[in-house]
Amino acid sequence: MINGVAGYMYPNEVELQWSLLIVLYPYITGLVAGAFILASLERVFKVEEVRPTYRLALLTALAFLLVAPLPLQLHLGHPERSFEMYLTPHRTSAMAMFGFVYLWYLMVVLLVEIWLDYRADIVHQAQTRTGVMRWIYRALTLGSQNVSPASRRIDDKVGYVVTVIGIPSAFLLHGYVGFIFGSVKANPWWSTPLMPVVFLFSAMTSGIAAVLVIYVGSSLLRRTRIDMRCLDAVGKYLFYTFVIDFSLEMLDLVHRTYEADESFRSLDFMVHTRLFISQIVVQIFLGTLLPLGLLAATQLVRFSDAIRRRIYVGASLLTLVGIFAMRWNVVIGGQLFSKSFLGYTTYKVEFAAREGLLPALALMILPFVLLLVLVKLLPPWQEQEVTEG
Amino acid sequence: MRLLREAGHLVRVALVLAAGVVLFLIIRNAVVPKDFGRYGHFRPEALGVIRAHPVAFAGQSTCVACHDDQAKERAAGKHAHVACEACHGPQAAHVADIANVKPALPDVATLCARCHEKNAAKPKSFPQVVTAEHSGGVACNTCHKPHNPQI
C-alpha cells in the first residue's frame, strides 16, 4: 500500500535516513586515505618511481580531506550544532570520536607533512613574489625563512617521522569510517569486523586510482611528458591493492554464504533484485573484475606506452566507479531491507534538495576546485622544484 | 644549540598547534556550562528550558468537563480509548481561552487514514482498510460518526 515498499516493513524502516550524501562521506574519506598512502610509498618505502606523484597525492589528499566533513554537515538539520561534538564529546558516540581522528589527521599529519615538504618553495616564493601573494607566502613560512641545508635535513627527518605516524593515522581514519558501519550490530548487512579492513583496502584502491587519473589528466593539461616508469609503478600498486581488496570482499562473501545466518536469504534476495544493477553489474563486473582484468593484462602482456596509458586510465576510472558503487551498496543497501527479513523498501534520490543529487555533484566537484587552488599556491610539479634556497 | 637554531621553524609549528589547542580549550571553557554533566551527558539548565516550554496538550479529562456530548458518544463506541487530542490535535490554547480560540475541525480525508490505512506492519487485530477501495472516495464521516465509528 505504501509506495516502493514490498512485503513486511517496520514503520521506521520505510524511509531511508542515510542518503546519497552519506555515500559520499566514506567515498571521499577513502580517496584521502588512499592518496596519502600512495604518497607514503615514496617517502617511507622509498619507491623512487612514484616520486612524480608524491606532492600531487598529498595535495589531492588535502583537497578531499577538506571536503570530507561537508556531506555530513549538509545531512544535518542543524549543522552549527556539530561543533558541540568537539566541545562535549560522548565516549559512546562513534561519530564524536571520528571528529578527533579527523582533526588529528588534518592538523598533525597532512598539513605538517605538506608544509615540511614545501617549505623551501614557500620561502623562495616569499622572497621573490610581490603584492598580496608575498604576504600569503610570508604567512605560510610562519616567520622562519631558514632553509639552510642543515634545517632541510631536519625537515626531511621529521617529515619521515610524520609520514610513519601518518600511515597508521590514514589507516585509522578510514578504518574508522568502516568501523562506524561495521559496529552497527543491529544491521546484518554492515555488522562484520571485516568492514574496517575492507573499507581500508577499497580506500587505498580508490585513492591510488584517483591520483593516477589526476596525474595523467594534469600532465595532459600542462602538455608535459607522462613518466611511464611512474605510471607503471602506480598501476602495479593499484593492481596489488585491488587484488587484496577483492580477496577480502570475496572472503566476506564466502563467509556470509557459508554461515548463512538468519539474515542470509533476505540479503541474498536483495542482492539479486534491488541491488542487482548497482552491486552485481556495476560494482563487481564493471567496477572490479573488468579493471582487475585490464590491470592484470598490463602485468602479463607487453603493450606499447600509449596503450598502457589508456588501460591504466580506463581501469582507474572504472575502479573509481566501482568503489563508489561499493559505498552505495553498503550505505543504501544496508537500509533497503527490513529487520524482519520479510520486506524491502526503495530509495529515490532527489535532485535539487538538501540531500539530493545536485549538492552531491557539487561536493564531488569542490575537491577539484580546491585542488586547483592548492596547485596554484603550491605547485607540485617536480620540474619546477626549487633546490635549496 | 646549533640544532635548536636550525630547527627553529619546527618550534613555530609546534607553537601554532599548541596555540590551536589552547584556543580550543579557552572556547570550550567559555561555552560549556560549568555544571555540564551533573545529571548525565547534558546541561542541567536544559531541564528548566524544557519545563518552560508552553504546555500544548490539555489532557482529555479537561475536554470532557465541557464537551459532555462528544465524551458520552465516544465512550459508547470503539474510539473510547482514543484521546480527544489524538484527533483534534493539541488544544491547551483553546482551553485557556475558549472565547477566542476555536479549534479547527480535523480534516477527515487525512485523519482516519492516518490510523486505519492498511499496512502489513500493523497488528492483524487492528481494524484496517484500503481507504481508496473501502470508501470509494466518499468522506469517511458520511457513513461513520467520528466519535463512535460504528455505522
Side-chain angles (χ1 to χ4, degrees), chain A residues 1-2 5-14 83-93 96 99-100 103-104 106-109 111-116 119-120 122-123 139-155 157-159 161-162 338-340 342-343 345, chain B residues 1-46 49 112-124 126-135:
Chain A
M1 280 9 90
I2 304 173
V5 175
Y8 189 101
M9 205 82 197
Y10 293 115
N12 60 332
E13 296 169 332
V14 172
F83 184 59
E84 292 174 19
M85 192 175 83
Y86 285 113
L87 297 176
T88 51
H90 200 292
R91 260 177 293 115
T92 62
S93 158
F100 291 98
L103 262 196
W104 163 267
L106 174 67
M107 304 304 295
V108 181
V109 177
L111 284 181
V112 171
E113 174 155 352
I114 293 178
W115 188 74
L116 288 176
R119 221 167 56 77
I122 295 174
V123 170
L140 286 178
T141 61
L142 297 182
S144 161
Q145 306 220 344
N146 178 8
V147 283
S148 65
S151 75
R152 291 301 284 157
R153 264 198 302 283
I154 296 178
D155 285 352
K157 287 219 175 62
V158 176
V161 173
V162 170
S338 167
K339 187 77 192 338
S340 67
L342 295 172
T345 186
Chain B
M1 216 40 232
R2 208 181 107 75
L3 188 75
L4 205 66
R5 204 176 62 239
E6 295 295 358
H9 58 284
L10 293 177
V11 177
R12 287 166 194 261
V13 178
L15 283 179
V16 169
L17 288 177
V21 172
V22 169
L23 184 69
F24 170 75
L25 290 177
I26 291 175
I27 295 178
R28 185 173 191 278
N29 202 41
V31 296
V32 178
K34 292 287 154 300
D35 48 1
F36 182 92
R38 186 195 290 164
Y39 305 123
H41 198 77
F42 58 88
R43 294 170 295 128
E45 306 96 275
V49 173
C112 314
R114 198 167 76 208
C115 292
H116 290 292
E117 186 66 71
K118 179 112 183 122
N119 182 340
K122 288 177 185 167
K124 289 231 165 22
F126 185 80
Q128 314 162 42
V129 292
V130 179
T131 50
E133 290 170 13
H134 174 77
S135 71

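Lettering of chains follows the sequences in order, A, B, ..., and the numbering in each one begins at 1.
- Contacts between A/Met9 and chain B at a heavy-atom distance below 4.5 Å involve the backbone alone (N, CA, C, O).
- Side-chain contact between A/Leu142 and B/Leu15 is absent, with no heavy-atom pair separated by less than 4.5 Å.
- Of the atoms belonging to B/Val13, heavy atoms from both backbone and side chain fall under 4.5 Å from chain A.
- Here the straight-line distance linking atom CD1 of B/Ile27 with atom CZ of A/Phe83 works out to 5.5 Å at 0.5 Å rounding.
- With contacts defined as side-chain heavy-atom distances shorter than 4.5 Å, the pair B/Phe42/A/Thr88 does not qualify.
- With a threshold of 4.5 angstrom between heavy atoms, A/Arg153 does not approach chain B through any atom at all.
- For A/Leu111, no part lies near chain B; criterion is any non-hydrogen pair under 4.5 Å.
- Scanning all heavy atoms of the two residues, the minimum distance from B/Glu6 to A/Asn146 falls at OE1-ND2, 3.0 Å.
- Of the listed residues (A/Pro11, A/Ser151, A/Gly7), the one with the most heavy-atom contacts under 4.5 Å to chain B is A/Ser151.
- Between B/His9 and A/Trp115, the ring planes are tilted. Angles from 30° to 60° get that label.
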- Task: Report the C-alpha distance between A/Asp155 and B/Leu10 in whole Å, list the side-chain angles of each, state the deciding distance to 0.1 Å, and finish with yes or no for side-chain contact (heavy atoms from CB on, under 4.5 Å).
- Result: CA-CA 8 Å; A/Asp155 285 352; B/Leu10 293 177; 4.2 Å; yes
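- Within the 4.5 angstrom heavy-atom criterion, only side-chain atoms of A/Val112, from C-beta onward, approach chain B.
- With chain B as the partner, the residue from A/His90, A/Gln145, A/Glu84 showing the most heavy-atom pairs under 4.5 Å is A/His90.
- Between A/Tyr86 and B/Phe24, the shortest heavy-atom distance links the atoms O-CZ, 3.4 Å.
- One finds the CZ atom of B/Arg5 at 11.5 Å from the OG atom of A/Ser144 (value rounded to the nearest 0.5 Å).
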